[in-house]
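These notes concern the structure reproduced below.
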Amino acid sequence: MVKEDTSTMTEGWRRVFDRSRFIPPPSQTVRRALESHCTQSRGFQLCLNRVTVAHLRQEMSDGEHDLTYQLRVTLFDRNHQQFFGKTWKSPPQMMKNDKIIFNVVVYFHTSLWLPSTVLVVELVSLSPRPDGSQQALGQGFTVLELFANRPENRAADGDRRLDLHHGSPRGLLHPLVKDTADYSSLLKTIEGTHLECALKSHPAFASMMHLVPENFLVSADDNIPGLAASPTGNSLLRPQLLKMLPFTLNRLTISLQPSLKAFESQLLQLISVDCHNTKQPGPEGTLSTVVIQERRLHVGVHNGLCFLDTPQVVVLEPLASKQSALVKDSSATSGLPQILCLRSSLELKLTNHQASAIVFQLEYVFSAPIGRETMLSATSTSRAAFLQCLRWGIWCPFQEPADWKREEIQLVLQGGAKPNPYGVMGYSTETSAKTQSPEPLSAPGTAQVSEAKDTLTFRLSSSLETTSASPRASLRTKHEDTSSQRRTSSSPKLDQKHIPLASPPGSPQGPALSLSQLAATSRYPTISHSSSALPWQQSFPSLLHPSPLASAHQLSHVACSAVSSIAHLEVDLQQDGKASPSAQGEGDPLQELPFTPVHAPVITLGMNVPSSRSVSSRSVLAQLYSAGFPNILDCSGQVAEVLDPTEPVPFDPQREETDALQGNLLVFQFLAFTRVPVAGDGPDWPDSVYFTFQFYRFPPVTSQQLKLLTSDKVQHKTSDPLPCVLASINNDGTVNSGSPGLQVQFRVDDNFLRPGEKRWFLRYLALHTVHIDIWDSNSLLLIGSTAIELKYMLRQGKSAVQTLHEVEVLTTDYVGEDVLWTSADVGRVSASNPMKVHTIVRGQLHIRTGNIGCPVEHGRRRAADVRSSLSHIIIPQEVTSGFRGGSLSSRNMLQHNARNAAQAHRLEKDGDRAPLPRRGIRADSVPGERNLNEPDSERRKLSCMAAVRRREGKEDVKAAKVMGWTKEAQLARELHIKPREDCSKVESIVNMLSQAITTQHLLYASLGSAEYMEFVLKNPFNVPQTVTIHSDDPELSVITNTEEWRYLKALTQTPTPLEENMFQLQEGAPGPRVYLRPKESVHIPLKYQSFLCDHTTSLQGPSFPPTGKGSQVAKRNLSNMVSAKIIKVTFKAEDGKPVAICQLNVEPTPHVVDQTFRLYHPELCFLKKAIRLPPWNNPTVEDPDGGTHISVRCSDPNIICQTRILMPGEPQDVYLKVPGSPSPNIKMFFVMVFTDKWMAAPSQIWQIYVHFLERVDVSCVSGQRSCQSLVLRGKQAVRKVKCFSSHPQEIKVDPEGVFVLPPGVVQELQLKVQPWRAGSRFLYVNAVDVEHRRLVTAWLLCLNVHQPVLSKAFEVSVPVGGRRGSSRKITYTNPYTSTRTFLLRSDHPDLLQFKEDKFQIGGGETYTVGLRFASSQRPGSVEILVYVNNLEEKTEETFCVKVRYS
């Protein structure tokens, strides 16, 4: 072990770091530059030639010949009156003939292209002091403007002549100078004194911007680490960079003193006390608990001036240590001290320079409650995550001779307020300050040092040495390491002291935000669905990716919201592109103007999310308890443990893996639904409901019809409505008398999960929510949607758990505002305002979720969460035996092919068992698959064929005798049949030979995920061959891009060699070509990725109750999966004959759906939507162009789905253009969003339903009834139809009841529309087959409701808090000469009631209308419209009453 001394090793780096500390620019200036699209930094050079000092006062003294002059240059922001950067000082020069010649060049780069950014140049005289120091005295200064008024236009390059001003540059900080554009009016100029300089752009500086910080002034003679020296002395004029050397950092551990547990306990205690002293105390008996949410390590390469690249952020994992071996926590190692460990390796690039250093920073993420909240709420972010630096350290590998190679390096970590590259203050106490002394560690062989030192241990190796080694040897070594890792994960009972620390490749590049930051930034974290890498070993390049699952025990403090913060805007789909060649000769193209159409968003997510009540009322709990719902019991018959949805959920993945009950029976119990009164809906709506949802990879679930039962025994006096218990409805329409509620079960065990999928399933439960749609089973209208968090279904070693949720059911309504009309505005045209989205709470759903642990037979258990790293390598078996003879039947061919299949890479070696995923996912067999273990049936078939041939032979002989055939004719007939038999034999022989070189590989594929594999191709000849690779399916391709190959290898952790430029690509060739030396074997990278799947949707409506005892199980429809297929990849030699064949048997697996969207659109019209994404770029990245690369794909090729690359900071949209279909068709498709460059795995998969309806436009006036005719056409059979509307109080359909619709008959329907609110709205009408509960036709009513003409206006004041409200009266005079009957209506019936809704009055008489205003508990005002209608609901008069609650 090499133990390094921080004080000596960092001497060169520290010297550069101390002289390069600078002041950052004002944050307001940086923000303004970004708003002005100043994102890229540009390089400049400032040539300071000479200063003319004709009238400068000179010191006449004896030491005049020792007087020198110096120029000092500093950046200044005159808008905020702040200097920033670092003052640059020129070499001192003597004055000759009233001139001071400098001739120096200053270089810098900046992105602040603002007129407020200027350079301040000061002339300073230096005179020696007796003690040897120098006294600096300012002789004047000047201001150099860099940019013009427009940021895109720089100041003119060329020579400048600037006058010097009296005083010091500190005068620019005076308040009178602020907001002054011209300093010459306030500053006094020194006559005859000026500076000659020149400002030029320096494009060559762009290549070395990563070596020098922004706004940092340097000169040609400055030593910049990472920059090669120039023979001319000016290395910045044409910079030459030193070569970046790749290194691998692995086996990193951190030891905190006195122990990790004691260190963290003391840290939490101090933070909790500090939070208790600074925040308001909570309720009695509560404490403000602070918990550790994540342990992270920042690792970056620093050259003393800045970081060469963005520091990488990795998550540390606490493990037990025993000498040099690391083991996981278990009962046998519980007494061992714990350390922090990094289970992955980091790829770093260093320059061979003494000032090049690796900087480490240990950072903890804490979670503390906000205000009076003491626990994490299930639906609101009542806890705040904050970061704290604890320790940091620096190590310079090139400071001394490199004796650290292949040695373990131990580094002492520091704390406190010492300056460090990260610019943060570290945690320190009196005890830790004493222990963290700068004394060097002892060398090997000497006495040991004090144990009270925090140390960091790691190994650093050069990647060049690894690649230069023999590929065969390196492959063998990596294979052994991977095998040991595989044994470690799959065999926890082995002797753990011999287990080495795993160091798999693939580290997250850049500071990928972890789960703690996602809790504060993104309401819904994104996950990947790639099955080719372990959950905590995959690189997550974007903001939405969570941290690896190794730190998933911290997920208890993360509030995953029910829906993501994604806004939806309906915009026109415009594609920028070049004009076609045929249109170039038709004249100049029109220039497209910037245009942003204003349309209604689809739904506003993230702002209005389904919330869950922290504690249900006692009356609600009592009613649910007395309803008699079935209990969730464990295997022993005990009631499952109840979890509180308001408390954090501890999650330890190791505890889940070591659980004795490996099976999981996940239960969803739909208990009750609470109606929320909504304007326009009746008090008893809905009467019955059904649910649709999809859980994990299971097929979508459509429940049966459920009745809402109200209890007449419960006396409920409060204003909150009681829940209605759900009960299933039988086929005859009666309510089932059995147990109430609906229970849906999903069994997830080793028979269902694929190899390596168990950890992905645990991660799905920890991070995801299940989206549930609630439908009215009578009208088949969508009531609303909600989401349930699945993290409360984690058992964490318990036999069974259950949680009761009460979540809001939300829907969206689109309303366009309209202005009031007065009598003077009747003839004017009203312009409609843009539509707005309102989120409406339609009810509360009471649902209980549970997870029951089930035992698994010991003989059938397997390591479902262990996946061999070599499963991606396809190695053909050596053919040691030829054809053994016998028939060339298809059965023998299949048996011969089965012997050549690649069995080495299957986790199950038993030939009598089918692959577990196939049994768990699909009950039916693969089309065309044959059972080879049935010899009796084959023998019976062969016997039948032989009998048929014998009979045909006898008939041929008999026919020859009858017809008098001669021997010559019989011989000619046999010779005619002979070629056919020879041809069939030739085909059989060719088929047999091809099967001998065919290697089969079973591949499990899901939608959008790239499955990576490598085929080991060997040249069997003794001469070189150029092999052509051809695939018969375009979804399987050869990876020819080296970067993509390297990325997928790191993602799948395939330890095989990688070769640059291995393939030859030629136009017109059937595929890429590869050159092979004699008897050489190479790895051919292959990738299978499918974006297409089945889009079959079930009919809209509830499912029928199942027969038998399984009344608690809902119907499961078919799942949407990619199609099963067989793909052959042929490797042909130069003569066109195949050398090897790789046959891939693609087995489909369903995919996980992250979001579900339902859109309604008129039929036979293109749907154009834009889904706005949240900012997915990392805000901590300084590079403005370092945003996340987002790409999208759609599962339907007929749908246009794309996104655009915009300027940094601009919102990014996903554009959809969906072709229309006739009503009431539903089009379903998937949208895959990728955040990695090579689209290896989708970060999110959206399931989008588009309901196409018949559009009906209605223009009317609020408060007045309008009629509209609809046409309903009969189908092929007689149906009993009833029409339902989404707003029965505003829309009535005639006929109202059930009517018979004969086949082919046209039925006219009358709509009576009487809306009460003005504006643009969307309403729905469904025609439903009441016998089969299926949708016949659906209409989309687009209402354009105008305000009526107001005849009178009133104002009334109502006291706040009154119980009886307030009564008023107004008078109405009948304008007619005859007696008339009038109706009184109001657009706010909940706030205003009439004494009489109907009155009759004689001609010319006056009637007094009694008004009763309801009380309000809040002050404010509201305008209520009073409509006086006739018996036909035509408005006679409209009054506006403005009510003030005060």
query: Are Leu706 and Phe673 side-chain neighbours, meaning at least one heavy-atom pair lies under 4.5 Å?
result: no

query: Can you find a side-chain donor-acceptor pair between Arg1321 and Asn1344 that sits under 3.5 Å?
result: no

- request: Go through Gln705 and Ser688 one step at a time and tell me if the side chain to side chain donor-acceptor pair (under 3.5 Å) criterion holds.
  value: CA-CA 7 Å; Gln705 188 178 3; Ser688 58; 3.2 Å; yes

field: Arg1385 and Glu1433 ion-paired at < 4.0 Å
entry: yes

- prompt: Taking all atoms of both residues into account, what is the closest heavy-atom pair of Val1231 and Cys1201, and its distance?
  reply: CG1-SG, 3.9 Å

message: With heavy-atom distances below 4.5 Å as the criterion, would you say the side chains of Phe691 and Leu726 are in contact?
response: yes

- request: May I ask you to check whether over 12 heavy atoms, not counting those of Glu1296, lie within 6.0 Å of atom CD?
  value: no

- prompt: For the side chain to side chain donor-acceptor pair (under 3.5 Å) test, which of Glu806, Gln844, His846, Glu808 pairs with Thr674?
  reply: His846

task: Look at the rings of Phe1157 and Trp1246 and say which category their plane angle falls in: under 30° parallel, 30 to 60° tilted, over 60° perpendicular.
output: perpendicular

task: Answer yes or no: is there a side-chain heavy-atom contact under 4.5 Å between Arg1255 and Cys1342?
output: yes

Distance-only donor-acceptor pairs under 3.5 Å for side chains of residues 1268-1277, two or more places apart:
residue: Ser1269; atom: OG; partner: Glu1308; partner atom: OE2; Å: 3.3
residue: Ser1269; atom: OG; partner: Gln1310; partner atom: NE2; Å: 3.1

- request: Flag the pair Asn1374 / Phe1382 as yes when at least one side-chain heavy-atom distance between them is below 4.5 Å, and no otherwise.
  value: yes

query: With a 4.5 Å heavy-atom cut-off, do Ile1291 and Leu1311 have their side chains touching?
result: yes

field: Any donor-acceptor N or O pair under 3.5 Å, side chains Ser1262, Tyr1427
entry: yes

query: Taking side chain as C-beta onward, heavy atoms only, is Thr1381 less than 4.5 Å from Lys1398?
result: yes

- request: Would you check if the distance from the ring center of Phe1399 to the ring center of Phe1394 is below 6.0 Å?
  value: no

- request: Please examine the side chains of Val1328 and Lys1282, heavy atoms only from C-beta on, and report whether any two atoms are closer than 4.5 Å.
  value: no

- prompt: Do the side chains of Asn1429 and Gln1314 get nearer than 4.5 Å, heavy atoms only?
  reply: yes

message: Just checking Phe1322 against Tyr1160, ring centres under 6.0 Å apart?
response: no

task: May I have the step-by-step check of side chain to side chain contact (heavy atoms under 4.5 Å, CB included) for Ser785 and His771, ending in yes or no?
output: CA-CA 7 Å; Ser785 303; His771 180 93; 3.7 Å; yes

